[in-house]
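Heads up: the structure comes next, in structure tokens.
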Amino acid sequence: MDAAFVAWPDPSSLPSAVGAPLPKSFFTRDTCQVARDLLGKILLSQAGGVIVGGRIVETEAYLGSDDAGSHAATKSLTKRNLVMFGPPAHAYVYFTYGNHHMLNVVTEADGIAGAVLIRAIEPLVGIDEMRRRRVGRPDQDLTNGPGKLAAALGLNLSDNGDRLGEGNLAVYVAQEVASEEVAVSGRVGLSAGHELPYRYFLEASPYVSKGRTGPPKRRVRRIGSTRGGRK
DNA sequence: ACTACGATCTACT
DNA sequence: GTAGATCGTAGTG
């Protein structure tokens, strides 16, 4: 629909590098295009009552049924991937590996699955608060990975499904990045679909994650595990 | 009800 | 280089 995008937080309280909030139409596009164009934009969180965030330097596109690496690959709606099929400009937050939250932004028109995983940002706003949430880490390690990023922004499952600009999260226009600065590679950590060139990052940024692309190491099976065995 | 395993990260070797 | 953490989800029975 055409309702005006709701700005959050009050732009006058932000650094001058931060422009207007991205309109919903920005996200109602091809997922790879959105992933590319999110580079350089400003992501902010007010989770926990403090505004923190920074400049997006690394993203990954996750598509629908054609993408084996996507939560929406099965095409069936489940409780988890429901948000990916919903309206654009919403946050898709999920939990994995027993430890980490992941932040995605939903793309494509309502009913079409798509999301962009935000993998890394360059810290700009509320750095002290992010240091508090990531005790003992050098600034370079505050947000250079999706799990670290979600921790530094104070995100959890309660942020899942929130419309950008209405919950704890918002994304803002900033200085455009030149195409020469952008590199593309396979996605990180996938057992399927890792060969697709859906990872976008600013090659020169020291805040990009150290994640390797390509197939993950063969995961050792839990043979003979007593997990759930004896009582 | 039960179980395998994951869009990761850290700490050790 | 790799094992372990630790819990939500999905697939199966």
Side-chain angles (χ1 to χ4, degrees), chain A residues 31-32 34-36 38 43 56-86 90-108 113-121 130-131 133-161 184-201 207-231:
Chain A
T31 303
C32 289
V34 175
R36 155 64 182 85
L38 275 173
L43 168 68
I56 297 171
V57 298
E58 182 179 353
T59 62
E60 282 179 359
Y62 287 88
L63 283 44
S65 52
D66 289 338
D67 181 2
S70 170
H71 284 167
T74 64
K75 197 168 186 278
S76 59
L77 290 173
T78 66
K79 196 174 167 190
R80 178 173 63 170
N81 69 19
L82 184 65
V83 176
M84 275 188 80
F85 289 84
H90 285 243
Y92 171 38
V93 178
Y94 67 90
F95 186 79
T96 191
Y97 287 105
N99 295 337
H100 305 291
H101 292 277
M102 303 283 142
L103 169 64
N104 303 250
V105 176
V106 178
T107 59
E108 307 277 5
V116 174
L117 172 67
I118 311 297
R119 288 190 55 87
I121 67 174
M130 292 194 278
R131 287 185 186 123
R133 290 169 178 163
R134 307 255 315 132
V135 177
R137 307 291 161 173
D139 285 2
Q140 199 149 318
D141 286 357
L142 290 178
T143 55
N144 63 335
K148 302 173 184 179
L149 167 67
L153 297 189
L155 304 179
N156 58 52
L157 289 177
S158 71
D159 298 297
N160 186 38
V184 182
S185 79
R187 293 171 294 185
V188 175
L190 299 191
S191 54
H194 48 76
E195 70 287 349
L196 297 168
Y198 291 168
R199 172 176 177 243
Y200 301 83
F201 57 102
Y207 299 98
V208 167
S209 78
K210 296 165 195 152
R212 290 297 187 77
T213 68
K217 293 265 160 57
R218 197 99 184 90
R219 197 162 285 280
V220 179
R221 279 190 204 287
R222 253 187 277 221
I223 299 172
S225 166
T226 57
R227 184 193 207 291
R230 338 265 128 158
K231 40 173 161 89

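Letters go in sequence order (proteins before strands), and every chain restarts at 1. Side chains included, hydrogens not; waters and symmetry mates left out as well; all remaining heavy atoms used.
Atom NE2 of A:His100 and atom P of B:dG6 are 14 Å apart (whole Å). If you take NZ of A:Lys79 and P of C:dG11, they are 15 Å apart, rounded to a whole angstrom. If you measure from atom NZ of A:Lys148 to atom C1' of B:dA7, you get 15 Å, rounded to the nearest angstrom. When the C1' atom of C:dG8 is taken as reference, atom OH of A:Tyr92 falls 11 Å away, rounded to whole Å. C:dC7 atom P lies 16 Å from atom CZ of A:Arg80, rounded to whole Å. Atoms CG (A:Asn99) and P (C:dG4) sit 14 Å apart, rounded to a whole Å. Rounded to whole Å, the distance from CE on A:Met84 to P on B:dA7 is 11 Å. The CZ atom of A:Arg187 sits 10 Å away from the P atom of B:dA7 (whole-angstrom rounding).
Spacing between C:dA3 and B:dC5 at atom P, rounded to whole Å, works out to 16 Å.
A stacked arrangement is not assigned to A:Tyr94 and the six-membered base ring of C:dG8, the conditions of a centre distance below 5.5 Å and an interplanar angle below 30° not being jointly met.
Nearest heavy-atom pair across A:Leu38 and A:Ile56 is O-CB, 3.4 Å. Residues A:Ala91 and A:Asp159 come closest through the heavy atom pair CB-O, 3.8 Å. Contact record, A:Met130 with A:Thr143: SD-CG2, 4.0 Å, taken as the closest heavy-atom pair.
The base of B:dA7 lies close enough to the side chain of A:His71 for a donor and an acceptor atom to sit less than 3.5 Å apart. Within 3.5 Å, no donor on the side chain of A:Tyr97 pairs with an acceptor on the base of C:dA5, nor the reverse.
Side-chain proximity of A:Met102 to C:dA10, B:dA7, B:dT8: nearest is B:dT8. Checking C:dC7, B:dA11, C:dA10 against every side-chain atom of A:Arg137, the shortest atom distance belongs to B:dA11.
Base contact: A:Gly69 has a heavy atom under 4.0 Å from a base atom.
Remark: A:Tyr198 OH to A:Leu63 CG distance equals 5.0 Å, nearest 0.5 Å.
Counting only distance, with no hydrogens or angles, the side chain of A:Arg119 and the backbone of A:Val208 share no donor-acceptor pair below 3.5 Å.
Across all strands shown, C:dG8 is found opposite B:dC5 as a Watson-Crick or G-U wobble partner, with both distances under 3.5 Å.
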